Amino acid sequence: MGNKTIVLGVIGADVHAVGLRVLDYALSSAGFDVVNIGVLSSQEDFIKAAIESGAKAILVSSLYGHAELDCRGFKEKLIEAGLDDILLYIGGNLGIGQKNWEEVEKRFKELGFHRVYPPKTMPDEVIRDLKKDLGLE
């Protein structure tokens, strides 16, 4: 069936853990091996966990509105670490204030994210996308 290891965490100075627990449970229940690095995680924490676990995807959560700042240069660091082909997802409250979602999504795709999810996205949507993107369907 292939490697189903996923690194999951909250990036930056963000301490919102409830959504992380929900995603961890949902992904684990769907058969994924979840490496949950928790809150207050740096780009380097995600990269180290992905290398150590041989993960195929990184799921970044951010709810405090500073994700764009926290994620700048992340894709470049992944490439430097030899993780060019790892899937990179992000979701949550990714910007402060009422912004146009298409603009937010476009900005994060330009930062190298494969999928960008708005607030209130249900875990089954993420699971469906992961299975599709990892060729597990």
Side-chain angles (χ1 to χ4, degrees):
M1 181 93 117
N3 183 342
K4 297 201 300 187
T5 305
I6 309 297
V7 172
L8 176 65
V10 177
I11 200 163
D14 196 336
V15 296
H16 292 90
V18 175
L20 201 60
R21 284 193 213 105
V22 170
L23 263 177
D24 188 337
Y25 177 80
L27 288 162
S28 297
S29 297
F32 288 96
D33 299 316
V34 179
V35 178
N36 187 340
I37 62 172
V39 299
L40 299 169
S41 300
S42 67
Q43 292 180 9
E44 291 74 19
D45 293 335
F46 282 95
I47 291 168
K48 184 174 180 239
I51 290 170
E52 288 175 0
S53 66
K56 295 295 179 196
I58 292 175
L59 276 63
V60 176
S61 176
S62 182
L63 285 173
Y64 77 143
H66 298 286
E68 189 175 351
L69 190 61
D70 293 334
C71 293
R72 282 198 193 127
F74 195 8
K75 185 65 177 176
E76 291 75 12
K77 284 184 188 164
L78 287 166
I79 292 167
E80 281 173 29
L83 299 172
D84 325 42
D85 57 351
I86 198 162
L87 288 174
L88 193 55
Y89 288 14
I90 191 164
N93 180 23
L94 303 178
I96 296 174
Q98 296 299 335
K99 292 190 177 166
N100 176 314
W101 176 251
E102 286 72 30
E103 278 299 305
V104 172
E105 184 178 32
K106 181 175 177 270
R107 259 199 318 282
F108 281 92
K109 291 212 168 172
E110 286 168 357
L111 287 173
F113 286 86
H114 297 91
R115 296 202 185 251
V116 185
Y117 299 99
K120 298 185 174 76
T121 299
M122 291 292 111
D124 23 335
E125 184 179 339
V126 178
I127 290 165
R128 199 170 40 248
D129 289 342
L130 267 173
K131 286 181 175 177
K132 181 180 171 194
D133 293 349
L134 292 171
L136 300 171
E137 290 183 320

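These figures come from a predicted structure and were not determined experimentally.
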* Is any side-chain heavy atom of L27 closer than 4.5 Å to a side-chain heavy atom of P123? -> no

* Side chains of L78 and D84 in contact at under 4.5 Å (non-hydrogen atoms) -> no

* To do: With rounding to the nearest 0.5 Å, note down the distance linking CZ in F32 to CG in N3.
  => 10.5 Å

* To do: Answer yes or no: is there a side-chain heavy-atom contact under 4.5 Å between E68 and L111?
  => yes

* What do the steps show when you test E44 against K48 for salt bridge (charged side-chain N to carboxylate O under 4.0 Å, His left out), and what is the final call? -> CA-CA 6 Å; E44 291 74 19; K48 184 174 180 239; over 6 Å; no

* Are V60 and V126 connected in the hydrophobic side-chain network, where two residues link if heavy atoms are under 4.5 Å apart? -> no

* Could you go step by step and tell me if I11 and Q43 meet the side chain to side chain contact (heavy atoms under 4.5 Å, CB included) rule? -> CA-CA 7 Å; I11 200 163; Q43 292 180 9; 4.0 Å; yes

* First locate atom CD1 of I37, then atom CD of E52, and finally report the distance between them rounded to the nearest 0.5 Å. => 10.5 Å

* Distance-only donor-acceptor check, side chains Y64 and D70, under 3.5 Å -> yes

* Using distance alone, with no hydrogens and no angle criterion, decide if D129 and Y89 have a side-chain donor and acceptor under 3.5 Å apart. => no

* Might you work through the side chain to side chain contact (heavy atoms under 4.5 Å, CB included) test for D33 and I6, ending with a clear yes or no? => CA-CA 6 Å; D33 299 316; I6 309 297; over 6 Å; no

* **Hydrophobic cluster membership, I51 vs F74, 4.5 Å side-chain cutoff** => yes

* Under a 4.5 Å side-chain heavy-atom rule over Ile, Leu, Val, Met, Phe, Trp and Tyr, are V7 and Y117 clustered together? -> no

* Which heavy atom of I58 sits nearest a heavy atom of A50, and at what distance? -> CD1-CB, 4.0 Å

* Asked: Within a strict 4.5 Å, meaning less than it, do heavy atoms of the K109 and V116 side chains meet?
  -> yes

* Asked: Do L87 and F108 share a hydrophobic cluster (ILVMFWY, side-chain heavy atoms under 4.5 Å, transitive)?
  -> no

* Shortest non-hydrogen contact from G112 toward L88 -> O-CD2, 3.9 Å

* First locate atom CZ of R72, then atom CZ of R107, and finally report the distance between them rounded to the nearest 0.5 Å. => 9.0 Å

* V15 vs V10, side chain to side chain contact (heavy atoms under 4.5 Å, CB included): CA-CA, chis, key distance, verdict -> CA-CA 7 Å; V15 296; V10 177; over 6 Å; no

* Under 3.5 Å, side chain of D14 to main-chain N/O of L63, donor-acceptor pair present? -> yes

* Is there a side-chain contact between C71 and F113, using heavy atoms and a 4.5 Å cut-off? -> yes

* Sub-3.5 Å donor-acceptor pair from the side chain of D24 to the main-chain atoms of R21, do we have one? -> no

* Is a donor on one side and an acceptor on the other found under 3.5 Å between the side chain of S29 and the backbone of Y25? -> yes

* To do: Using the side chain to side chain contact (heavy atoms under 4.5 Å, CB included) rule, take L8 and L20 through it: C-alpha gap first, then chi angles, then the decisive distance, then the call.
  => CA-CA 8 Å; L8 176 65; L20 201 60; 3.4 Å; yes

* **Atom pair NE2 (H114) and CD1 (I90), whose distance is rounded to the nearest 0.5 Å** => 13.5 Å

* **Nearest-0.5 Å distance that lies between atom CD1 in I86 and atom NZ in K75** => 8.5 Å

* Can you tell if the side chain of K56 reaches within under 4.5 Å of the side chain of T5, non-hydrogen atoms only? -> no

* Taking atom CZ of R115 and atom CG of L59, what is their separation to the nearest 0.5 Å? -> 11.0 Å

* Does P118 offer a backbone N or O that forms a donor-acceptor pair with the side chain of E105 under 3.5 Å? -> no

